[in-house]
Amino acid sequence: MALSENEVLAGLTEIIVEETGIDADDVELGKSFTDDLDIDSLSMMTIVAQAEDKFSVTIPDDEVKNLATVGDAVSFITGAQA
Amino acid sequence: MERPDVVVTGLGATTPLGGDIASTWKAVLAGTPGARTMDNDWADKYGIPVNFAATIAVQPSEVLTVPETKRMDPSAQYALVAAREAWADAGAPEVDKTRLGTVVSSGIGGIWTTLNGWDTLRERGARRVLPMTVPMLMPNSATAYISLEFGAQAGAHALVSACASGAEAIGYAVDMIRSGRADIVVAGGTEATIHPLPISAFAASRTLSTRNDDPAGASRPYDIDRDGFVIGEGAAIVVLESASHAAQRGAKVYAKVAGVGLTSDGYHITSPDPEGTGQIRAMSAALQDAGVSAKDVSHVNAHATSTKVGDLIEARSIRAVLGDDADHVALSATKSMTGHLLGGAGALETVFTVLALHDRQAPPTINVANPDPELTLDLVRDTPRALPQTDTAAINNSFGFGGHNVALVVTSA
């Protein structure tokens, strides 16, 4: 069964916290990965790989550049599950 | 231009004996063994004949941030921990970044990263290989991260010479300051090779002790029953500085690194030249470079890994260099306690040599129940030995597979 947006956000937050050490409270839908969370492209690729495993989805490399915010990623993953 | 004197103004380490310098040095003076039985199933699972090692006392995850532990191989993590301590110990000096360098070596580099990456690739495919794999596995990773940490721009180097790497790094750092390329250099060595592959490989080459029932007694340099080295892990870092730069900012000075001797055997890929000619030339060159003679030397920290052949070749070489003056030299083999940190060993033993002169105490050698009768030197056993309060000099020896010989002469400040 597909996860809700809130469940995806919670799972993605876990991955981001584990990879970067950022406080979980700082991970919000409107936050930009690069500008707000200071996540660089190498960490982003690692987060994407972990998200693919966790949510059983594929996030094509071409798509990653469109995922500017946490919300973009949550929307993409939620949609890709369906 | 007069050649600058090079002094030590900061020390840092994380070792099998402690997570910092103070705890490590205290344990060494107390004759504490660092080797222990490993809490993993490697020996049974892979049929490795050795189930113990001198594992690090404090995991770097206890002091580093999550991204730091994610993005660095353990070898670089150990070095960063030690570098931060050394830099703080030096007073975190405000320096011209273009005059600040780093030379931090590893004998092997990021082997955990390399082998974990290979497992990931085979089991899960290329898309799961970490994008940070190359910067984590490269042997210059530690020096690169430390140069980032302090903004060092005078050069970030990593000399690789097996078990001499840490000492060679310090020797090269001395040259950087003497040649005028830097005022301060953060230098040392690190290793994180307590992994089943290197342990299997060293065991296959019959260089490791197999004293599984007595890990604490396994590293016994110069004892007649020695049967090989004990693999260790950790890092040691020194802050080296031109004497004038240190004086200008009122830095405390531990000692002077006064002489560097770097030679190669050109003889055999693993065995030292049985005549010790490369080792003799390294020690002689370091003494000459320091402008001191054999009678000025009161202490030697030997490479002495606890192998049958290597220890005696070194002992004979020391005798050949110091002659009758060797009789009043306190000989210490600290690997009896720390195990063999490979690329970290030469740096850690330089730190011990510096502290020995600073505190005027030569560390003990443990586990020598029956000294090899062929040893003609004055081995410090079980408890520390007082060194002269007058100006004095010490030699730290480090040798490596490939025929690398490094001797550093340290003099009291």
Side-chain angles (χ1 to χ4, degrees), chain A residues 8-28 31-70 72-74 76-81, chain B residues 14 19 58-81 83-84 109-110 112-149 151 156:
Chain A
V8 171
L9 175 62
L12 188 61
T13 301
E14 272 179 33
I15 294 170
I16 293 170
V17 168
E18 173 71 9
E19 172 63 22
T20 65
I22 293 171
D23 196 307
D25 293 342
D26 289 340
V27 184
E28 297 169 350
K31 292 282 179 74
S32 154
F33 286 111
T34 50
D35 298 342
D36 298 324
L37 302 179
D38 205 21
I39 293 171
D40 64 20
S41 58
L42 288 171
S43 278
M44 192 65 192
M45 293 312 296
T46 308
I47 290 166
V48 164
Q50 290 185 30
E52 287 187 340
D53 285 351
K54 187 164 196 144
F55 302 113
S56 304
V57 297
T58 301
I59 307 175
D61 288 350
D62 284 350
E63 191 59 43
V64 175
K65 62 179 184 297
N66 299 326
L67 307 180
T69 67
V70 175
D72 294 340
V74 170
F76 182 86
I77 292 165
T78 310
Q81 291 184 118
Chain B
T14 184
V58 176
Q59 287 301 320
S61 56
E62 293 183 27
V63 285
L64 298 179
T65 66
V66 169
E68 284 166 350
T69 56
K70 290 265 175 191
R71 289 195 155 203
M72 280 183 267
D73 184 85
S75 58
Q77 294 176 30
Y78 300 164
L80 185 61
V81 169
R84 283 180 177 159
W112 277 97
T113 300
T114 305
L115 296 174
N116 286 348
W118 176 228
D119 286 345
T120 301
L121 177 63
R122 285 188 304 173
E123 291 162 14
R124 310 184 62 205
R127 261 180 75 79
R128 290 294 175 269
V129 172
L130 287 176
M132 281 295 287
T133 299
V134 171
M136 287 171 72
L137 68 80
M138 61 194 196
N140 57 316
S141 190
T143 204
Y145 273 110
I146 292 166
S147 74
L148 294 177
E149 173 83 5

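Residue numbers start from 1 in every chain, and the chains themselves are labelled A, B, ... in the order their sequence lines are given, proteins ahead of strands.
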Between A:Lys54 and A:Glu18, is there a side-chain N and carboxylate O pair less than 4.0 Å apart? no
Could you give the distance from CZ (B:Arg84) to OG1 (B:Thr14), rounded to the nearest 0.5 Å? 13.0 Å
Could you give the distance from CG (B:Leu64) to CZ (B:Arg71), rounded to the nearest 0.5 Å? 14.5 Å
Heavy-atom closest pair (A:Ile15 atom, A:Phe55 atom, distance to 0.1 Å) is CD1-CE1, 4.4 Å
Measure across B:Pro135 and B:Tyr145 and return the closest heavy-atom pair with its distance rounded to 0.1 Å. O-CE1, 4.4 Å
Do you know which of A:Asp26, A:Thr13, A:Leu12 makes side chain to side chain contact (heavy atoms under 4.5 Å, CB included) with A:Val70? A:Leu12
Would you please say whether a donor-acceptor pair under 3.5 Å links the side chains of A:Thr69 and A:Asp72? yes
So B:Thr69 and B:Thr65, do their side chains get closer than 4.5 Å, heavy atoms only? no
Do A:Gln50 and A:Glu19 have side chains that approach each other closer than 4.5 Å (heavy atoms only, starting at C-beta)? yes
Contact residues of residues 121-130 of chain B (partner chain A; heavy-atom separation under 4.5 angstrom): B:Arg124, B:Arg127, B:Arg128, B:Leu130
Sub-4.5 Å heavy-atom contacts with chain B: which residues of residues 37-48 of chain A show up? A:Asp40, A:Leu42, A:Ser43, A:Met45, A:Thr46
